[in-house]
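Comments concern the structure below.
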Amino acid sequence: MRQQLRSRRALTFPHGYRYRLDDQDEVNQNYLADEEEEAEEEARVMGVPNLEEEEKEEEQKEEEEGQGQPTGNTWWQKLQLMNEYLWDPEQRMSLARTGLILVIYFFFYASLAAVITVCTYTLFLTISPYMPTFTERVKPPGVMIRPFAHSLNFNFNVSEPDTWQHYVISLNGFLQGYNDSLQEEMNVDCPPGQYFIQDGSEDEDKKACQFKRSFLKNCSGLEDPTFGYSTGQPCILLKMNRIVGFRPELGDPVKVSCKVQRGDENDIRSINYYPESASFDLRYYPYYGKLTHVNYTSPLVAMHFTDVVKNQAVPVQCQLKGKGIINDVINDHFVGRVIFTLNIET
């Protein structure tokens with residue numbers, strides 16, 4: 001009986017049939033492996049929470065929390081960040097620094113400010129408010145002219161007062177401080193041809209020499225209220241800029257000379273100067289500064305263009321002449337000279 005059972009268990013198969021069974025086993029194993037992978041993926045999907053649902057829940061929470069905050073979350077968040085930067089209560093830090101660092105910064109910058117203050121105060125103790133300490137780089141005198149003209153172009157028509165009336169108003173306003181009565185009241189009559197040197201301490205008030213409006217004669221506006229503009233013979237006033245302590249060299253007064261800058265020299269046939277010397281008298285120098293030389297009035301030279309070609313633009317150059325005077329600086333047309341245009345129409 002046992003032998004029969006053993007014979008039944010140990011079945012014999014043909015050789016080719018065994019290979020077919022082996023192939024079937026391999027297919028079954030591959031199938032089982034695929035099933036296991038799918039099961040693992042399902043388990044992972046079931047185990048991970050739904051991210052989209054979580055995001056929606058977080059958004060809802062933020063909306064609920066933000067209902068009490070003002071609209072425009074951007075500036076509110078920036079304000080919170082600024083408050084935390086100024087003072088972080090959790091880490092007990094201010095400006096992202098601990099208290100010790102802030103104390104060190106305070107003493108460092110306080111010491112630096114104290115040093116700068118002391119140095120500045122010491123510097124001002126060595127500088128006089130009345131007289132410049134260093135004058136080596138002061139340029140030679142510059143010049144200015146009146147009346148005021150846009151772009152230094154004097155354009156007007158003799159027969160149309162509206163075109164030159166503003167020049168007359170400008171000259172009258174400029175010469176108010178030179179009225180004879182005012183000069184006699186404020187300033188002293190100094191002898192011409194010599195410096196008016198005043199001794200004493202530098203903070204002592206200085207006297208000033210008279211420069212009367214009547215010195216300009218035909219260009220004073222006293223004899224001709226239109227300063228020659230109504231007749232096509234305009235007056236233009238020239239003065240040097242003030243320089244503290246300046247004295248013309250060698251005791252020779254600085255003179256003024258005008259001519260045609262470029263073109264035909266005969267375009268200007270006649271110029272009268274007032275004062276007649278066409279110079280700045282020595283009695284108006286030196287200048288002691290605005291703090292002590294309060295009533296000082298700068299001397300003037302008037303150019304009366306009595307014969308100028310009409311109906312065309314004439315470029316004019318007026319220069320200062322004297323020892324040590326520079327009047328040929330290319331980059332600055334106002335150092336020792338001035339250039340303007342006359343265009344007189346009839």
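- Aromatic rings of Phe227 and Tyr167 (six-membered ring for Trp) have centroids beyond the 6.0 Å cut-off, not under it.
- Scanning both residues, His293 and Ala208, for their nearest heavy atoms gives NE2-CA, 3.8 Å.
- Neither Leu182 nor Tyr296 shares a network with the other; the hydrophobic side chains, linked directly or stepwise wherever heavy atoms of I, L, V, M, F, W or Y lie under 4.5 Å apart, form separate groups for each.
- Atom CG of residue Asp267 and atom CZ of residue Arg269 lie 7.5 Å apart, to the nearest 0.5 angstrom.
- The cationic group of Arg247 lies under 6.0 Å from the six-membered ring centre of Tyr195 and within 45° of the ring axis, placing it in a cation-pi geometry.
- Relative ring orientation between Tyr178 and Phe174 is described as tilted, the plane-to-plane angle lying within the 30° to 60° band.
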- Taking it one step at a time, do Ile271 and Met303 satisfy side-chain contact (heavy atoms from CB on, under 4.5 Å)? CA-CA 6 Å; Ile271 304 176; Met303 295 87 68; 4.3 Å; yes

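- Looking at heavy atoms from C-beta onward, Ile236 lies in side-chain contact with Leu342 at the 4.5 angstrom threshold.
- Not a single donor-acceptor pair under 3.5 Å links the side chain of Gln317 to the backbone N or O of Arg337.
- Here the shortest heavy-atom pairing between Ala313 and Asn343 reads N-OD1, 3.9 Å.
- Of the possible donor and acceptor atoms, none in the side chain of Ser270 sits under 3.5 Å from a partner among the backbone N and O of Asp307.
- Following chains of ILVMFWY side-chain contacts shorter than 4.5 Å, one cannot reach Tyr274 starting from Val254, and the two form parts of different hydrophobic clusters.
- The hydrophobic clustering, which links ILVMFWY residues whose side-chain heavy atoms are closer than 4.5 Å, places Phe246 and Ile197 together.
- Looking at Thr292 and Glu204, their side chains never come closer than 4.5 Å, going by heavy atoms from C-beta outward.
- Other residues, nucleotides and ligands place no more than 12 heavy atoms under 6.0 Å from the CD atom of Glu265.
- Side-chain atoms of Tyr284 come within 3.5 Å of backbone N or O of Gln210 as a donor-acceptor pair.
- Lys206 places none of its side-chain heavy atoms less than 4.5 Å from the side chain of Phe196.
- Counting heavy atoms from C-beta outward, Ile325 and Pro141 have side chains that approach closer than 4.5 Å.
- Proximity of a side-chain donor or acceptor of Asp224 to a complementary backbone N or O of Asn218 within less than 3.5 Å is not detected.
- Residues Ser220 and Arg213 share a closest heavy-atom pair of O-NE, 2.7 Å.
- Gln176 places a side-chain N or O within 3.5 Å of a backbone atom of Asn172 that can act as its donor or acceptor partner.
- Summarising the geometry, atom CG belonging to Leu291 is positioned 6.5 Å from atom OH belonging to Tyr130; distances are rounded to the nearest 0.5 Å.
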- Please walk me through it: do Leu175 and Leu300 pass side-chain contact (heavy atoms from CB on, under 4.5 Å)? CA-CA 10 Å; Leu175 291 175; Leu300 306 173; 3.9 Å; yes

- How far apart are the C-alpha atoms of Ser181 and Asn179, what are their side-chain angles, what is the distance that settles it, and do they pass the side-chain hydrogen bond (donor to acceptor under 3.5 Å, both in side chains) test? CA-CA 6 Å; Ser181 58; Asn179 287 335; 5.6 Å; no

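- A single hydrophobic cluster is not seen to contain both Ile127 and Tyr121; linkage of ILVMFWY side chains at heavy-atom distances under 4.5 Å, directly or through other members, places them apart.
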- Test side-chain contact (heavy atoms from CB on, under 4.5 Å) on Val244 and Met131 and set out the steps. CA-CA 7 Å; Val244 177; Met131 188 67 64; 3.3 Å; yes

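- The line from CG of Asn295 to CD of Gln183 is 8.5 Å long, rounded to the nearest 0.5 Å.
- Under the 4.5 Å side-chain criterion, counting only non-hydrogen atoms from C-beta, Pro147 is in contact with Phe154.
- Residue Lys290 qualifies as open at atom NZ: its count of foreign heavy atoms under 6.0 Å is 12 or below.
- Judged by distance alone, with hydrogens and angles left aside, the side-chain atoms of Asp180 form a donor-acceptor pair with the main-chain N or O of Ser214 at under 3.5 Å.
- His166 NE2 to Phe148 CZ: the interatomic distance, rounded to the nearest 0.5 Å, is 9.5 Å.
- For Lys212, the salt bridge (Lys or Arg N to Asp or Glu O under 4.0 Å) partners are Glu184, not counting sequence neighbours.
- With a 4.5 Å cut-off on side-chain heavy atoms, Ser279 and Tyr273 do not count as touching.
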- Query: Where do Asp205 and Tyr288 land on the side-chain contact (heavy atoms from CB on, under 4.5 Å) test, with the steps shown first?
  - Reply: CA-CA 9 Å; Asp205 290 342; Tyr288 290 97; over 6 Å; no

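- Using modelled atom types and a 3.5 Å distance limit, the side chains of Asn153 and Ser151 yield no donor-acceptor pair.
- In this structure, the ring of Phe215 has its center less than 6.0 angstrom from the ring center of Phe211.
- Within the model, atoms CZ of Arg283 and CD of Gln194 stand 10.0 Å from one another, a figure rounded to the nearest 0.5 Å.
- Residues Pro299 and Phe280 share a closest heavy-atom pair of O-CE2, 3.5 Å.
- Using a 4.5 Å heavy-atom cutoff, the side chains of His150 and Asn155 are not in contact.
- Within the model, atoms SG of Cys258 and CG of Leu238 stand 7.0 Å from one another, a figure rounded to the nearest 0.5 Å.
- Side-chain atoms of Trp164 never come within 3.5 Å of backbone atoms of Ser230 as a donor-acceptor pair (strictly under, hydrogens ignored).
- The heavy-atom pair separating Asn241 from Val143 by the smallest distance is ND2-N, 4.0 Å.
- Between Thr231 and Thr226 there is no side-chain heavy-atom pair separated by less than 4.5 Å.
- In the hydrophobic cluster analysis, where Ile, Leu, Val, Met, Phe, Trp and Tyr join through side-chain heavy atoms closer than 4.5 angstrom, Leu125 is grouped apart from Leu123.
- A donor-acceptor pair under 3.5 Å is formed between the side chain of Asn311 and the backbone N or O of Thr346.
- Minimum heavy-atom separation, Val260 to Asp264: CG2-O, 3.6 Å.
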